[in-house]
Amino acid sequence: MNIRKAKISDSEQIAPILLLAMEDIIYKFIKKEDYASAKDFLQYFIGKENNQYSFQNCFIAEENNEIIGAVNIYNGADLEALRTPIIEYIRTHFNPEFDPELETKAGEFYIDSLGVNPKYQGKGIGSKILRFLIEEYVIKKNQTLGLLVEEDNPNAKKLYLNLGFQPVGEKTLVGKKLEHLQISPKTLVF
């Protein structure tokens with residue numbers, strides 16, 4: 001398995017993988033539970049530059065020329081600028097009142113979403129992607145990584161805790177209560 005920075009040509013394959021991790025949130029963004037619309041929305045932004053879901057902010061895991069996992073990560077300090085084109089698009093096309101909470105802020109690189117192709121789930125792909133991010137951001141760049149985990153996803157929380165993430169608070173995003181976890185150079189245990 002190889003993990004690399006995503007390219008614009010990966011956008012079509014990244015969208016359904018990331019959508020696995022954020023389908024219900026995208027439904028709330030676009031105000032309808034329609035998989036095709038949600039995938040099209042996400043693919044549109046993954047294929048564009050300078051927004052939070054852009055291919056520029058993604059890494060992919062591939063094996064045998066197939067994308068088997070994807071992760072979306074960016075500097076929390078950049079969230080408002082990266083989110084502006086998305087908010088404007090949603091307000092114009094779906095929901096004029098759209099005003100989402102800030103899920104991250106300066107001081108962390110935020111793992112927005114992580115997905116693994118269903119054919120490859122349960123094989124440690126997500127763990128390998130997270131270990132890659134810990135190596136790249138925490139160890140090499142001396143940065144803090146943060147993410148949000150749903151209360152009703154104890155398996156994901158267990159994985160994050162086993163990798164060294166620690167609870168630092170709670171957040172609400174589109175009405176959903178989430179736990180905020182972080183790992184930093186000072187909390188890293190070898």
To the nearest 0.5 Å, what is the distance between [atom1] on [X] and [atom2] on [Y]?
X: Ile86; Y: Leu42; atom1: CD1; atom2: CG; result: 8.5 Å
X: Asp34; Y: Lys39; atom1: CG; atom2: NZ; result: 11.0 Å
X: Leu130; Y: Ile183; atom1: CG; atom2: CD1; result: 9.5 Å
X: Ile129; Y: Ile3; atom1: CD1; atom2: CD1; result: 5.5 Å

If Ile, Leu, Val, Met, Phe, Trp and Tyr residues are connected whenever their side-chain heavy atoms lie under 4.5 Å apart, and connections chain through other members, are [X] and [Y] in the same group?
X: Val168; Y: Leu102; result: no
X: Val149; Y: Ile134; result: yes
X: Tyr27; Y: Leu20; result: no
X: Phe45; Y: Leu173; result: yes

What ring-ring contact (aromatic ring centres under 6.0 Å, His included) pairs are there with at least one residue in residues 46-67, not counting sequence neighbours? Phe59-Phe132
Mind checking salt bridge (charged side-chain N to carboxylate O under 4.0 Å, His left out) for [X] and listing every partner two or more places apart, or none if nothing turns up?
X: Glu80; answer: none
X: Glu66; answer: Lys119
X: Glu88; answer: none

Does any part of the side chain of [Y], heavy atoms only, come nearer than 4.5 Å to the side chain of [X], both counted from C-beta?
X: Met22; Y: Asn72; answer: no
X: Arg4; Y: Asp10; answer: yes
X: Phe94; Y: Lys32; answer: yes

Got more than 12 heavy atoms from elsewhere within 6.0 Å of CD, Glu33? no
Please indicate whether Lys123 has more than 12 foreign heavy atoms, meaning atoms of other residues, nucleotides or ligands, lying under 6.0 Å from its NZ. no
Keeping [X] on the side-chain end and [Y] on the backbone end, is there a donor-acceptor pair under 3.5 Å?
X: Lys48; Y: Ser54; value: no
X: Asn95; Y: Phe29; value: no
X: Glu12; Y: Gln43; value: no

Which heavy-atom pair separates [X] from [Y] by the least distance, and what is that distance?
X: Gln52; Y: Asn57; value: O-ND2, 3.6 Å
X: Ile17; Y: Ala70; value: CG2-N, 3.7 Å
X: Ala21; Y: Ser113; value: CB-CB, 4.1 Å
X: Ala38; Y: Ile30; value: N-CD1, 3.8 Å
X: Gly126; Y: Val116; value: N-CG2, 3.8 Å

When the ring planes of Phe41 and Tyr89 are compared, do they come out parallel, tilted or perpendicular, using 30° and 60° as the limits? tilted
Only distances under 3.5 Å count here; give the side-chain donor-acceptor pairs of residues 151-164 to other protein atoms, sequence neighbours excluded, each with its distance to 0.1 Å.
residue: Asn153; atom: OD1; partner: Ala156; partner atom: N; Å: 3.3
residue: Lys157; atom: NZ; partner: Glu179; partner atom: OE1; Å: 2.7
residue: Asn162; atom: ND2; partner: Lys158; partner atom: O; Å: 3.3

Between Glu101 and Lys171, is the salt bridge (charged side-chain N to carboxylate O under 4.0 Å, His left out) condition met? List the steps. CA-CA 9 Å; Glu101 304 89 341; Lys171 300 256 184 185; over 6 Å; no
N/O donor to acceptor pairs below 3.5 angstrom from side-chain atoms of residues 136-147, sequence neighbours left out:
residue: Glu136; atom: OE2; partner: Lys140; partner atom: NZ; Å: 3.0
residue: Gln143; atom: NE2; partner: Lys141; partner atom: O; Å: 3.4

